[in-house]
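Working notes, beginning with the structure itself.
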Amino acid sequence: MTLEQTLPICIAGTWRLGAGERYASCYPATGEPVAWLNAASLDDVEAAVQGAHQAYVHSGWAQRKPHERAAVLYRIAELIRQRAEELAQLQRQDNGKPINETRALVASAAGTFQFFAAACETLEETITPSRGDFLSMSVYEPMGVVAAITPWNSPIASEAQKVAPALAGGNAVVIKPAEITPLLALQLAQICEDAGLPKGLISVLPGKGSLLGDALTRHPLVKRVSFTGGTRTGKHIAHIAADKMMPVSLELGGKSPTIVLDDADLDHAVAGVLYGIFSSSGEACIAGSRLFVARALYEPFMTRLSAAAAQLRLGDPADERTQMGPLISAAHRESVERYVALGLAEGGRLRLGGERPSGGVFDQGYFYPPTILEGLGNHQQVCQEEIFGPVLVALPFDSEEQLIEQANDSLYALAAGIWSRDYKRAWALGRKLQAGTVWINTYKQFSISTPFGGWRDSGLGREKGRLGILQYMEQKSLYWGMNQQPLAWAGVEAGQ
Ligand code: NDP
């Protein structure tokens with residue numbers, strides 16, 4: 001790939017230039033173009049969906065035995081592993097995450113394909129207890145064309161979480177990656193083809209979500225949408241889906257509380273809170289962005305936390321030692337800065353950070369330092385809205401009752417963290433927190449085998465987990481008559 005080239009995109013089994021506007025994917029650490037491509041157009045959306053439908057109907061993929069589909073998914077996992085370093089470097093350039101993080105995302109994508117290959121070939125259909133002269137079964141069928149709409153913050157891992165179970169379930173997939181991070185979805189489509197996936201079963205439509213994602217969601221041949229992104233977009237998609245009576249899964253935003261109880265192991269809590277909010281520069285839906293600390297511990301804990309946060313290595317994403325890279329774009333950094341200014345206007349104080357770094361690489365990219373705000377109330381805007389950057393709001397609490405009320409007082413309910421040496425106490429608190437995931441004495445740890453998703457404005461449905469594949473399948477009940485006699489109601493006798 002050279003910079004002069006315009007990258008082809010994958011539409012219905014052919015690699016060709018998109019029919020939309022030419023644009024560049026840029027490296028957030030320098031603002032320089034990494035690759036040029038043409039966005040897809042509305043005609044490309046139509047071609048991708050029609051091609052996916054044709055491939056779904058005619059390629060025989062849906063009819064392959066589960067272990068045969070699994071074999072292709074295992075090969076996809078293997079090819080991702082073979083190309084891991086190249087993919088990790090490309091992803092670093094596409095979205096500016098530190099190289100160690102993009103390596104982990106690529107490894108997780110390979111693991112996801114492997115996991116859903118196994119889920120596919122071990123998925124059981126059940127014979128249900130019979131309540132009459134019949135045998136009743138519950139089986140699963142593919143849905144058809146699935147749309148996978150993904151955000152910019154964790155490309156390849158987010159795509160794998162949708163594409164792997166959708167293909168495992170026998171479907172075709174059209175991916176709409178975020179406009180600004182299209183490169184890994186294109187690579188994934190190439191790998192799927194190289195692994196032997198029938199052509200047309202996967203397409204990628206780079207470009208604007210408000211145009212392409214919207215059209216894809218509305219398309220009558222699209223039978224399911226799996227979306228990860230912001231809550232406002234998720235609600236828009238849910239409205240369209242309601243009109244089509246189409247199932248959707250929505251992985252949305254968060255404003256997750258991390259709680260340090262007065263009996264916490266402080267070394268573990270400091271390390272976990274830092275990782276929870278500042279890794280990925282806070283550009284994570286599960287970022288632990290609201291910190292609640294028992295008042296008795298508040299000052300000593302915040303002193304240690306701030307000192308450790310000030311030591312985090314912000315800088316060049318290509319450097320193996322870097323812990324925080326740049327934010328995704330100039331516009332996003334401005335949005336983070338506006339939130340910090342708002343926090344100060346609301347009466348907050350800066351405990352750390354709050355100013356753009358300068359000099360060297362910092363003058364080129366969209367860097368922003370670890371920032372801690374305090375002196376605010378949980379009801380205030382910066383404590384309620386998702387900032388999606390390296391900004392932590394810290395609040396002391398006096399009683400567990402007050403803590404639970406405030407921790408749950410959010411439109412979001414994606415994740416939460418608890419730091420305590422007392423597992424019984426943490427268990428009781430964990431059961432009272434309203435969140436899709438609660439981490440106890442750890443944070444931001446993930447397993448593909450564990451379901452993930454949010455409550456309330458953080459989303460609908462679950463991804464991952466062995467049964468994640470069923471999100472992409474329709475359930476069907478089959479009844480087999482075992483009667484020796486005709487059904488009694490009609491009064492027909494056997495042999496009449
Ligand atoms: P957006 O909702 O803006 O974008 C997500 C995807 O949706 C992008 O591909 C975008 O395209 C597309 N899109 C935008 N408008 C529409 C539309 N009208 N119809 C269909 N698709 C559309 O979110 P961000 O990209 O800003 O991502 C950050 C958000 O994602 C944060 O709020 C974060 O919390 C959430 N997120 C949630 C995760 C979870 O698992 N719960 C994980 C990661 C992020 P384009 O960008 O090209 O316009």
Side-chain angles (χ1 to χ4, degrees), residues 9 18 20-21 23 25 37 39-40 42 45 94-95 97 105 108 147-162 174-185 204-219 222 225-241 246 248-256 280-289 327-329 331-333 335-336 339 385-389 410-415 435-437 444 446 448 450-464 468:
I9 63 176
E21 279 177 18
Y23 76 100
S25 156
L37 66 164
L42 287 178
V45 174
D94 203 21
N95 87 336
K97 283 196 172 193
L105 289 172
S108 116
I149 304 179
T150 53
W152 44 259
N153 62 334
S154 300
I156 206 163
S158 328
E159 276 103 35
Q161 272 169 39
K162 300 176 188 322
V174 179
I175 307 175
K176 209 311 276 172
E179 181 184 26
I180 49 178
T181 57
L183 301 183
L184 272 289
V204 182
L205 300 170
K208 285 208 183 329
S210 51
L211 183 73
L212 308 176
D214 188 89
L216 190 56
T217 306
R218 290 179 195 279
H219 200 291
V222 169
V225 172
S226 177
F227 171 80
T228 299
T231 298
R232 188 183 302 174
T233 317
K235 287 185 178 177
H236 174 76
I237 287 174
H239 278 111
I240 300 172
M246 171 179 69
V248 280
S249 55
L250 305 170
E251 302 288 354
L252 309 176
K255 191 75 184 178
S256 301
S280 308
S281 298
E283 293 174 327
C285 54
I286 44 166
S289 49
L327 299 182
I328 187 74
S329 64
H332 185 53
R333 179 168 64 174
S335 154
V336 170
Y339 270 114
E385 293 181 13
E386 186 179 45
I387 300 175
F388 220 62
S410 166
L411 286 176
Y412 295 113
L414 188 60
T437 297
K444 223 175 160 184
F446 274 123
I448 185 65
T450 309
F452 175 74
W455 301 4
R456 301 203 290 263
D457 274 22
S458 289
L460 270 184
R462 295 290 177 269
E463 287 193 313
K464 307 184 179 179

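Both ligands and their constituent atoms are indexed starting at 1 by order of listing. All of these numbers come straight from a predicted model, not from anything done at the bench.
No donor-acceptor distance shorter than 3.5 angstrom exists from the side chain of Thr437 to the backbone of Ala415, with no hydrogens or angles considered.
Between Lys176 and ligand 1, at least one pair of N/O atoms sits closer than 3.5 Å. Any N or O atom pair closer than 3.5 Å counts here, and Glu386 shares at least one such pair with ligand 1. Taking distance alone, with nitrogen or oxygen atoms compared against 3.5 Å, Phe227 stays at or beyond that limit from ligand 1. For Phe452, no nitrogen or oxygen atom sits less than 3.5 Å from a nitrogen or oxygen atom of ligand 1, counting backbone and side chain alike. No N or O atom of Thr228 sits closer than 3.5 Å to an N or O atom of ligand 1.
Looking at Cys285, Pro182, Ala147 and measuring to atom 42 (C) of ligand 1, the nearest heavy atom belongs to Cys285. Residue Gly229 holds the heavy atom nearest to atom 30 (O) of ligand 1 of all those in Gly229, Ser280, Ala185, Gly253. Distances from atom 8 (C) of ligand 1 to the heavy atoms of Leu414, Thr150, Thr231, Leu250 show the closest one on Thr150. Nearest residue to atom 27 (O) of ligand 1 from Ala287, Pro151, Ala415, Ser249 is Pro151 (criterion: closest heavy atom).
For atom 4 (O) of ligand 1, the nearest protein heavy atom is 4.0 Å or more away.
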Begin with the C-alpha distance, continue with both residues' side-chain angles, and end with the deciding distance and a verdict on side chain to side chain contact (heavy atoms under 4.5 Å, CB included) for Asp94 and Leu184.
-> CA-CA 8 Å; Asp94 203 21; Leu184 272 289; 4.3 Å; yes

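Put simply, part of Gly207 is less than 4.0 Å from ligand 1, judged by heavy atoms. Residue contacts with ligand 1: Ser210 is included, with a non-hydrogen atom under 4.0 Å away.
If you check the side chains of Thr228 and Lys162, you find a donor sitting under 3.5 Å from an acceptor.
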